[in-house]
Each structure stands twice: as C-alpha cells, then as structure tokens.
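Here's the structure, in structure tokens; my notes come after.
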Amino acid sequence: MSESKKTTSADVRAKHKKYLFASTANYYEESVVLADGKGSYVTDLDGRKYLDFFGGILTVSVGHANDRVNAAVKAQMDRIGHVSTLYPTLPIVELAERLVNLAPGKLEKAFFCASGTEADETAVALAQMYTGRQELIALRHGYSGRSLLAQSLVGHAKYRGIPTQVASVKHAHSPYCYRCPYGATPDHCGLKCAQDIEELIQTTTMGQIAGFLAKPIQGVGGFIVAPDGYFKLATDIVRKYGGVFICDEVQTGFGRTGGKMWGIEHHDGVEPDIMTMAKGIANGYPISATLATTAIADSWKAGNISTFGGNPISCAAANATIDTIVGDRLVENAAVMGKIFRDGLDALKKKYPKVIGDVRGKGLMQALELVKDETAKDRTPAPDMAGRLFEETKKRGLLIGRGGLWGNVLRIAPALNVVKADMEIALKTLDDSFAAITK
Ligand SMILES: Cc1ncc(COP(=O)(O)O)c(C=O)c1O
C-alpha cells in the first residue's frame with residue numbers, strides 16, 4: 001500500500017490488523033497512524049496534529065525531522081549506507097570517541113549493535129566472560145528487551161511470553177519507594193532494598209556473581225527512581241561478591257534526566273564497569289552501544305560481529321544527535337524545562353489528590369502513578385483510570401506514554417529541546433483531561 005491522499009488512517013489500521021502479529025500492540029483504543037513530524041509535533045495520516053511528549057519511547061531526543069540529524073543522514077546515505085562491523089568507517093570511530101569522552105569513569109571501549117536488547121545481551125555476556133561466572137542480579141520491575149536473555153532479565157510477567165530461560169538471573173527488590181517492599185519511607189528505610197542484595201547473593205547464587213544489571217531510573221517499570229545512596233550501597237555489595245556493575249542507560253542516557261549526561265551521574269561515588277545505551281543516542285535511527293573498561297572489553301575472546309551494528313547512517317545520525325545535545329546545551333535545557341514541568345505536575349497532584357498517588361522522575365523523564373484513592377491511603381493501582389486519562393489526552397492532541405507493572409503509570413518524556421510554551425500546553429491538556437475523568 002503506497003501512501004497517497006486516498007489512504008486513510010483507517011486503511012492502515014485495517015492492514016496492520018490483517019498482516020502484523022496481533023501481539024504488535026498499539027497505543028490507544030483507536031491507534032494513531034503517524035505520518036509526519038517536525039520538532040515536538042507529529043501529524044497523523046488524516047492530518048490531525050499532536051504534541052508528542054513520548055518521542056517513540058524516549059528516543060526522539062532532539063525533535064522529529066531534526067535538520068542537523070537529517071543533513072548528516074542524507075550526506076552519509078549518498079556516500080555509503082552499510083558495511084557491517086567487519087570494516088571500520090569514519091562515523092563509527094567518531095561515535096566511539098564521542099561516547100568514550102562523554103562516559104563516566106574508565107569506560108574506554110565501545111561495541112555497537114542495533115537495539116537496546118542487544119546492548120544488554122552484550123553487556124551480560126561480557127560480565128560473564130570477564131568474571132568467569134554466570135550468575136547475575138537484575139531488578140524486579142526492570143525491562144531489558146525481547147530476546148531470551150532479556151526476557152529473563154525482565155522483572156514483569158507481562159513481557160515474559162515463555163518461562164524464564166536463563167536460570168542464572170536472580171531478581172532483587174526494586175528501589176520502588178512509593179511501594180516500598182519493606183513498607184518503609186525513604187528517610188527511614190536504611191536502604192533495605194540495597195542491603196538485601198547481599199542475602200540474595202548468599203542464598204540464591206553460588207556466593208560469587210558475574211554482575212548486577214540495573215537502570216538509574218526503571219523506565220517501562222514506571223519511571224521508578226532509585227533513592228540517593230542506593231547505587232553506592234548496591235554496587236559496593238556487588239563488588240564484594242566479585243561482580244561488575246552494568247548500568248543500563250538505554251532510557252536515562254544523553255541528558256534525559258536533566259543536568260547530567262547520564263542517569264547514574266546523579267549518584268555520587270558510583271562508576272559503572274559496563275554501560276549500555278540506545279534510544280536517545282541517534283534520534284530514532286537504530287543503533288545501540290555497550291561501553292566497557294579496556295580490561296573488561298578485552299576479555300571477549302570469541303568472534304564478535306554484528307551485521308547492522310555501527311551502521312554508518314545510524315552512526316552519522318548519532319554523531320549529529322550528540323553534537324546537537326552538547327552544542328545546544330540540551331542537558332541543561334532538560335534540567336530547566338524538567339523543573340518547570342515537575343512543578344506543574346506537583347500542582348496537578350495537589351489539584352487531583354485522590355487519583356494521583358505519586359509524581360516522580362528526573363529532568364524530562366517524569367511520571368504520574370494513578371491509584372484508587374491516595375487521600376484514603378488506598379494505593380490500589382488504577383489502570384482503568386490511566387487508560388481513560390490516556391484517551392482524554394489523545395483527544396486533546398497530546399501523546400504521552402504508559403507503563404508500570406499494572407499499567408497505571410503515565411510516562412511523560414518530551415524532546416530535550418522542548419520549549420516552555422509546549423510544556424504549558426501539555427500541562428493544561430493534562431489538567432483538562434484529569435478534570436474530565438474525575439468529574
Ligand atoms: C532500560 C531498557 N533497556 C533495554 C531496552 C530494550 O531496548 P530495545 O527495545 O531497543 O531492544 C529497553 C526498551 O524499552 C529499555 O527501556
């Protein structure tokens with residue numbers, strides 16, 4: 001079906017239903033068939049415009065059809081479009097150099113793939129090769145992708161289509177303060193969720209581990225923000241038992257959390273041994289990277305190729321995206337705009353105290369967790385309410401995301417170059433939508 005004036009969103013929806021796996025779930029009761037985009041706005045095939053505050057899952061980091069990224073992509077397309085990792089190119093070495101220079105600590109080497117799943121796979125394999133051990137700690141509520149290993153790392157039943165295949169993954173409690181597994185509050189908890197990693201290792205592993213894979217903010221899990229001190233304590237325990245720290249920055253990287261290039265940099269005294277990244281790295285072009293210290297990277301002795309890894313067009317897109325983030329000071333913009341946005345969300349919580357249980361996030365990665373009745377301390381997840389809110393915001397021209405174990409968390413993540421006027425539109429739309437569902 002070629003796109004022509006006659007083709008409508010309804011036509012596309014019908015063919016999607018007919019030809020794609022039914023499991024290829026789309027957002028909304030009636031899906032939005034996106035056809036065009038510029039900056040923070042997208043337009044569907046029927047000409048309806050939306051303000052996009054989800055960016056294809058936190059991936060369109062510098063706005064749709066960004067001129068600088070597009071120019072770099074077009075120029076690269078006219079030169080060479082594919083080589084595989086068997087041949088070096090200028091874009092791949094330039095990207096590796098940029099990433100190593102931006103990365104925290106001693107991460108000095110990069111390997112490129114095409115998706116976040118593969119980056120996490122690479123990281124886990126590397127941790128196992130380096131330590132000579134298999135067992136690994138991941139977090140409940142975490143998400144790592146669709147492969148067999150990634151599905152085993154995932155801490156959500158919903159995304160496990162088959163039973164857990166990789167027995168060596170053990171899941172620690174999530175640092176989910178709003179629903180603390182110990183019933184504690186962050187100021188008086190003694191970071192029990194981090195401390196428990198020690199007993200988890202002592203009781204469910206052989207006593208020494210390959211590593212600990214965690215995200216500074218759990219994305220699909222509903223933007224669960226680890227409290228201060230969590231990563232220092234957790235990684236100290238992990239290293240005591242011989243493990244390396246794999247920091248998954250797939251959602252939190254590239255300035256998303258505001259004021260810092262990487263989410264983990266909000267935690268003092270913590271250095272990843274391996275770091276994974278994808279999504280916002282190239283404004284939507286498929287590419288991911290695994291960074292490691294030289295000693296860890298060099299422990300990969302087996303053959304290691306990736307057909308699409310470090311594709312020159314994707315690398316050119318990533319180089320232009322990173323130059324835009326750095327050159328236009330978008331890490332700082334994410335902090336400034338994120339603060340304005342967060343203030344607006346906190347005000348919404350005051351206005352709708354019953355349904356908005358929690359507001360959380362950092363920078364331009366903010367979430368609202370909806371519950372049955374926060375005023376009565378009834379934190380029963382309210383996925384139906386989230387679904388209705390979702391439809392109301394769409395009706396008013398705003399696209400946001402959803403997540404959380406129970407589907408009751410609204411995930412909001414505009415482009416890093418979002419402007420204040422668009423944030424105000426989004427906040428007003430959320431306000432009107434909450435008014436509609438709570439009246
Ligand atoms: C933190 C995190 N890691 C890994 C992945 C997997 O990435 P991909 O969908 O590109 O395979 C995701 C995807 O949402 C993610 O959020």
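Remember, it's 1-based here, ligands and their atoms both numbered in the order they're listed. The first residue in the sequence is number 1, and the count goes up from there.
Contact between V250 and G116 at its shortest, heavy atoms only, is CG2-CA, 4.2 Å. Listed here is the closest heavy atom pair of L416 and F254: CD1-O, 3.0 Å.
With respect to atom 10 (O) of ligand 1, the closest heavy atom belonging to the protein is G116 N, 2.8 Å. Of all protein heavy atoms, the one lying nearest to atom 3 (N) of ligand 1 is D248 OD2, 2.8 Å. Protein heavy atom in closest approach to atom 12 (C) of ligand 1: Y143 CD2, 3.6 Å. At the shortest separation from atom 16 (O) of ligand 1 among protein heavy atoms lies Q251 NE2, 2.8 Å.
Annotation for ligand 1: atoms under 4.0 Å from non-hydrogen atoms of S115 are 10 (O), 11 (O). When each atom of ligand 1 is checked for a heavy atom of D120 under 4.0 Å away, the hits are 3 (N), 4 (C).
For the pair R239 and Y241, the cation-pi criterion (under 6.0 Å, within 45° of the ring axis) is not fulfilled. R379 forms no cation-pi arrangement with W406, by the criterion of a distance under 6.0 Å to the ring centre and an angle within 45° of the ring axis.
In this structure, K279 counts as a contact residue of ligand 1, since one of its heavy atoms falls inside 4.0 Å of the ligand. A heavy-atom separation below 4.0 Å is found between S144 and ligand 1. Contact analysis leaves I57 out of contact with ligand 1, as no non-hydrogen atom separation drops below 4.0 angstrom.
Taking the six-membered ring where tryptophan is involved, the planes of F212 and F231 are tilted, since the angle between them lies from 30° to 60°.
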| Trace of the salt bridge (Lys or Arg N to Asp or Glu O under 4.0 Å) decision for K240 with E198 | CA-CA 9 Å; K240 183 171 156 193; E198 182 149 30; 2.7 Å; yes
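The aromatic ring centres of Y143 and H156 sit 6.0 Å or more apart.
In terms of polar-atom proximity, defined here as any N/O pair under 3.5 Å, V250 makes no such contact with ligand 1.
Considering each of L58, T59, I217, T117, the one bringing a non-hydrogen atom nearest atom 9 (O) of ligand 1 is T117.
Using modelled atom types, one finds no donor on one side chain facing an acceptor on the other under 3.5 Å when comparing S31 with H16.
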